[in-house]
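Throughout, protein chains are lettered first and strands after them, A, B, ... in sequence-line order, and every chain is numbered starting at 1. These numbers come from the heavy atoms of this one structure, side chains and all, not from hydrogens, waters or symmetry mates.
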There are 2 protein chains.
Amino acid sequence: MLGARCLLRAVRFCSSAPCPRHKPSAKLSVRDALRAQNASEERVKVQGWVRSVRSQKEVLFLHVNDGSSLESLQVVADSSLDSRKLTFGSSVEVQGQLVKSPSKRQNVELKAENIDVIGNCDAKTFPIRYKERHPLEYLRQYPHLRCRTNILGSILRIRSEATAAIHSFFKDSGFVHIHTPIITSNDCEGAGELFQLEAAGKIKVPEENFFNVPAFLTVSGQLHLEVMSGAFTQVFTFGPTFRAENSQSRRHLAEFYMIEAEISFVDSLQDLMQVMEKLFKATTMMVLSNCPEDVNLCYKFIAPGQKIRTYAEKQLFNWGIDLQTEHEKYLVKHCGNIPVFVINYPLALKPFYMRDNEDGPQHTVAAVDLLVPGIGELFGGGLREERYHFLEERLARSRLTEVYQWYLDLRRFGSVPHGGFGMGFERYLQCILGVDNIKDVIPFPRFPHSCLL
Amino acid sequence: MLGARCLLRAVRFCSSAPCPRHKPSAKLSVRDALRAQNASEERVKVQGWVRSVRSQKEVLFLHVNDGSSLESLQVVADSSLDSRKLTFGSSVEVQGQLVKSPSKRQNVELKAENIDVIGNCDAKTFPIRYKERHPLEYLRQYPHLRCRTNILGSILRIRSEATAAIHSFFKDSGFVHIHTPIITSNDCEGAGELFQLEAAGKIKVPEENFFNVPAFLTVSGQLHLEVMSGAFTQVFTFGPTFRAENSQSRRHLAEFYMIEAEISFVDSLQDLMQVMEKLFKATTMMVLSNCPEDVNLCYKFIAPGQKIRTYAEKQLFNWGIDLQTEHEKYLVKHCGNIPVFVINYPLALKPFYMRDNEDGPQHTVAAVDLLVPGIGELFGGGLREERYHFLEERLARSRLTEVYQWYLDLRRFGSVPHGGFGMGFERYLQCILGVDNIKDVIPFPRFPHSCLL
């Protein structure tokens with residue numbers, strides 16, 4: 001009953017909080033203004049940036065956007081309220097009344113009684129031009145301004161919505177969220193592609209390590225999640241991951257986000273694939289229902305025809321297809337350009353922690369990848385080797401026994417069959433939105449030779 | 001109507017998904033089993049780790065925990081099901097029927113028909129001892145096993161719950177979530193405390209920078225959030241932050257988490273303080289109502305008397321107290337050991353982006369900190385200098401004009417009054433739970449001379 005008590009007290013407390021300064025007009029976001037009933041007596045205040053100005057003889061039309069939605073609010077004013085400072089990109093505060101719009105384009109418009117220009121914007125030097133549809137390559141030069149365009153606005157709102165959806169999906173499914181470490185002393189996989197770090201003054205004298213040992217940026221939270229799945233059964237993480245790969249491809253970044261999950265008491269790839277499928281579906285459903293305008297803009301702007309490629313529009317998802325080869329693109333194309341699960345990879349190709357299938361001459365491990373059209377690998381995962389002696393032998397063969405005593409401990413004390421997967425978040429966004437270059441679905445892309453801002 | 005269509009199709013699609021393997025018993029988490037109705041005909045399966053074993057002449061009692069809740073499920077079995085392998089820490093799968101418990105300690109218990117030991121646990125070498133309450137210092141030696149204790153389990157479940165609550169709070173308040181970059185070329189604040197990074201093979205030849213410029217781990221996402229508040233009005237981030245500080249204090253980590261928010265069209269500290277207050281309250285309310293048992297364990301285990309120090313239990317929060325001094329501890333004590341807002345710091349003490357108050361001889365900026373008992377600074381924030389010429393002058397005085405042209409651009413094109421704040425997530429958890437050492441509220445603590453796992 002702690003909760004109810006708290007609630008009551010907090011409500012009481014709220015009412016004794018300091019009173020906000022007197023405000024003559026109710027402040028509304030553009031999104032809320034657009035959703036308002038047609039007419040209202042109340043005087044409202046809307047703040048945002050000017051997206052268009054049209055000055056007629058007696059009437060001034062503005063479109064004001066504050067990033068709360070793709071759509072802008074139309075402001076109608078007497079031309080006496082016009083000013084030279086009212087330019088594309090300038091910030092304004094408009095007070096007036098929401099009225100029914102005579103136009104079919106919008107339900108309501110704001111009949112302005114007052115327009116204050118808060119910050120000017122010089123059209124001559126502003127890199128974003130009025131009414132121009134800049135290519136994404138052009139916008140990449142301005143990571144501090146490109147979010148003010150419709151297209152980046154939509155992509156980043158969708159990214160935010162997908163982030164929330166992913167957290168909700170796991171919470172609703174009983175997973176515990178874990179912040180796996182960014183800095184790690186593990187350098188198990190692909191040592192050549194790691195970032196190493198050191199206190200700034202000491203970077204040239206790495207023998208004086210800040211952590212006493214060489215430290216790296218994480219390439220995956222998997223091993224740390226395995227620690228936690230041994231206590232909480234179902235765990236996930238959603239955080240940044242790093243590769244010092246010298247790749248300029250449209251699918252790679254030096255800093256990108258991964259959703260990773262580990263589940264105890266799982267002993268079949270089918271069970272894992274079901275969770276992967278559910279995650280993909282739940283997230284995509286949420287994005288489609290909460291940001292339909294933003295999604296439509298992406299389809300229109302970026303990928304004409306992309307719409308029919310998502311499973312929701314045409315049932316192209318044929319989950320559970322089992323195949324054995326690594327020719328990703330060929331496979332996806334061969335299967336009719338649909339998402340394809342590939343399972344059971346050769347043991348020799350996969351890291352020490354993948355579970356041995358103990359099968360015939362083509363010795364495999366219980367690994368699974370999900371390949372999607374245009375992207376390639378979207379998910380990677382598998383069952384982990386939970387058997388102490390199998391793992392011990394694999395570690396010995398890789399000369400990693402000493403470093404991974406802690407990992408062996410997990411099999412020494414109450415080991416359970418378990419598995420997990422990771423999904424690249426930017427690749428997911430590319431996949432559902434049809435965005436060709438990964439640099440356009442992350443706010444501040446980091447890649448070889450580039451770390452702007 | 002896109003959403004509804006999707007929903008229908010997805011539902012249809014779900015039913016055609018591959019059928020899970022035949023399962024004789026419904027799998028239940030311990031949490032769901034404990035919440036079940038008293039009696040049920042259905043046979044259920046529960047999997048987890050043994051927390052206690054009590055073997056009587058004819059009856060065997062087990063407590064099984066799977067991390068879904070603090071409470072374990074009592075299993076009652078015929079002593080014929082006993083086995084030497086059933087030890088503290090071993091993993092088990094129990095099948096049977098949920099029945100009303102004759103004991104007052106629990107509503108239901110699991111009457112076992114079958115008990116499988118999945119993974120053994122050798123009590124002699126397992127660092128966690130049966131029925132022993134290990135000190136937190138002892139447990140810190142075992143970052144891969146300590147999450148299996150009651151106390152770390154509770155803390156990490158609360159951490160997960162608080163994470164979800166923070167995401168919900170901002171989403172419900174109309175904020176857009178932004179992943180601010182971890183790697184940055186900015187080194188504005190406290191250059192001495194930065195981590196620098198480089199591709200692992202190249203760390204000794206930093207002239208060949210991976211990014212062409214020296215790159216560092218972020219100390220704050222604020223400046224990047226300001227970029228985004230210029231497009232979305234209200235934005236937040238919740239991610240890792242770094243300090244290469246040589247501090248062994250119980251309040252500092254080299255890697256910690258911050259919640260940061262920026263809000264456009266805000267021109268008073270009062271408005272910022274209200275958001276800070278709401279965030280703290282909403283998150284704490286959610287934790288208290290969703291994890292009452294876990295919170296109670298922390299109070300009992302860690303901080304006897306702490307309970308009455310949280311605002312929900314006793315109305316000690318007296319928000320909005322305005323003071324001007326930097327003697328944090330004295331202040332908090334002086335004010336009766338309650339949270340205290342400190343506002344308007346001397347301009348000379350604060351970074352270039354803080355808004356000039358243009359006040360009397362004691363020249364101040366519009367900064368605000370929230371100090372809390374036992375911790376010190378929990379929140380830090382303020383209004384940002386949105387006036388181009390003020391900012392230009394401050395940058396020039398710090399010889400930063402060239403590097404921060406992009407930051408000046410934000411004031412050149414549609415600038416608006418704005419402000420924001422950051423809250424240290426681990427300090428927040430310390431504060432509400434009364435945990436003395438910050439190393440005990442994060443899954444894998446990183447600090448000078450230590451980077452385990």
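- The main-chain N or O of L453(A) is found under 3.5 Å from a side-chain atom of H224(B) such that the two form a donor-acceptor pair.
- Looking at F170(A), neither its backbone nor its side chain comes within 4.5 Å of chain B, counting heavy atoms on both sides.
- Here K171(A) contributes atom NZ and E161(B) contributes atom CD; the two are 3.5 Å apart, rounded to the nearest 0.5 Å.
- Side-chain contact between R412(B) and N120(A) is absent, with no heavy-atom pair separated by less than 4.5 Å.
- To the nearest 0.5 Å, the span separating NZ on K27(A) from CG on D271(B) amounts to 7.0 Å.
- Heavy-atom distances place the side chain of F238(A), and not its backbone, under 4.5 Å from chain B.
- Interface remark: L217(A) contributes side-chain atoms only to the contact with chain B (heavy atom separation under 4.5 Å).
- Only the backbone of S450(A) comes within less than 4.5 Å of a heavy atom of chain B; no side-chain atom from C-beta onward does.
- Put simply, CZ on F88(A) and CZ on F413(B) are 11.5 Å apart, with the number rounded to the nearest 0.5 Å.
- You'll find the side chain of F242(A) reaches within 4.5 Å of the side chain of I182(B), heavy atoms only.
- Highest contact tally toward chain A, considering only F175(B), Y388(B), Y257(B), Y407(B), is held by Y257(B) [criterion: heavy-atom pairs under 4.5 Å].
- Here NE2 of H449(A) is found 11.0 Å from CG of N209(B). Values are rounded to the nearest 0.5 Å.
- Of all the heavy atoms in P417(A) and I118(B), the pair that sits closest is CD-CG2, 3.5 Å.
- Heavy atoms closer than 4.5 Å to chain B are found in both the backbone and the side chain of F265(A).
- With a 4.5 Å cut-off on non-hydrogen atoms, P240(A) touches chain B through its side chain but not through its backbone.
- Scored by the side chain to side chain contact (heavy atoms under 4.5 Å, CB included) test, A162(A) finds T283(A), V287(A), F425(A), Y428(A), L429(A) as partners (sequence neighbours excluded).
- The contact between F216(B) and chain A is made entirely by side chain atoms (from C-beta outward), counting heavy-atom distances below 4.5 Å.
- Looking at V92(A), the atoms closer than 4.5 Å to chain B (heavy atoms on both sides) all sit in the backbone: N, CA, C or O.
- Residues D409(A) and H144(B) have side chains in contact (heavy-atom distance under 4.5 Å, counting atoms from C-beta outward).
- Most heavy-atom pairs under 4.5 Å with chain A, from the set C147(B), S68(B), G239(B), P214(B): that is C147(B).
- Side-chain contact between F232(B) and N65(A) is absent, with no heavy-atom pair separated by less than 4.5 Å.
- In this view, S168(A) and D172(A) satisfy the side chain to side chain contact (heavy atoms under 4.5 Å, CB included) rule, not counting sequence neighbours.
- For chain A, the option among P127(B), G174(B), G67(B), S29(B) with the highest count of heavy-atom pairs below 4.5 Å is G67(B).
- Between S229(B) and W49(A), the shortest heavy-atom contact is O-CH2, 3.4 Å.
- Side-chain atoms of R159(B) and H179(A) form a donor-acceptor pair, as typed in the model, at a separation below 3.5 Å.
- Ranked by heavy-atom pairs under 4.5 Å with chain B, the list Y142(A), F126(A), W406(A) is led by W406(A).
- Proximity to chain B is absent for every atom of T87(A), based on heavy atoms less than 4.5 angstrom apart.
- When each of R31(B), H167(B), E226(B) is scored by its heavy-atom pairs under 4.5 Å with chain A, the top score falls to H167(B).
- Side-chain contact between P181(B) and E255(A) is present, with heavy atoms from C-beta onward closer than 4.5 Å.
- For N290(B), the part lying under 4.5 angstrom from a heavy atom of chain A is the side chain only.
- Of the possible polar contacts, one joining the T233(B) side chain to the D66(A) backbone as a donor-acceptor pair under 3.5 Å is found.
- Looking only at side-chain heavy atoms (C-beta outward), S185(B) and L452(A) stay at 4.5 Å or farther from each other.
- Put simply, the side chain of R446(A) gets close to the backbone of I183(B): a donor and an acceptor are under 3.5 Å apart.
- By the 4.5 Å heavy-atom criterion applied to side chains, V227(A) and F444(B) are counted as neighbours.
- Looking only at heavy-atom pairs under 4.5 Å with chain A, the residue among I442(B), T125(B), T149(B) that has the most is T125(B).
- Side-chain atoms of R157(B) and V176(A), non-hydrogen and from C-beta on, do get closer than 4.5 Å to each other.
- Note: G414(B) leads G119(B), S90(B), G414(B) in heavy-atom pairs under 4.5 Å with chain A.
- Under a 3.5 Å cut-off, the side chain of S91(B) and the backbone N or O of V416(A) do not form any donor-acceptor pair.
- With a 4.5 Å cut-off on non-hydrogen atoms, P143(A) touches chain B through its backbone but not through its side chain.
- Between F211(B) and F195(A), the ring-plane angle classifies as parallel under the 30° and 60° cut-offs.
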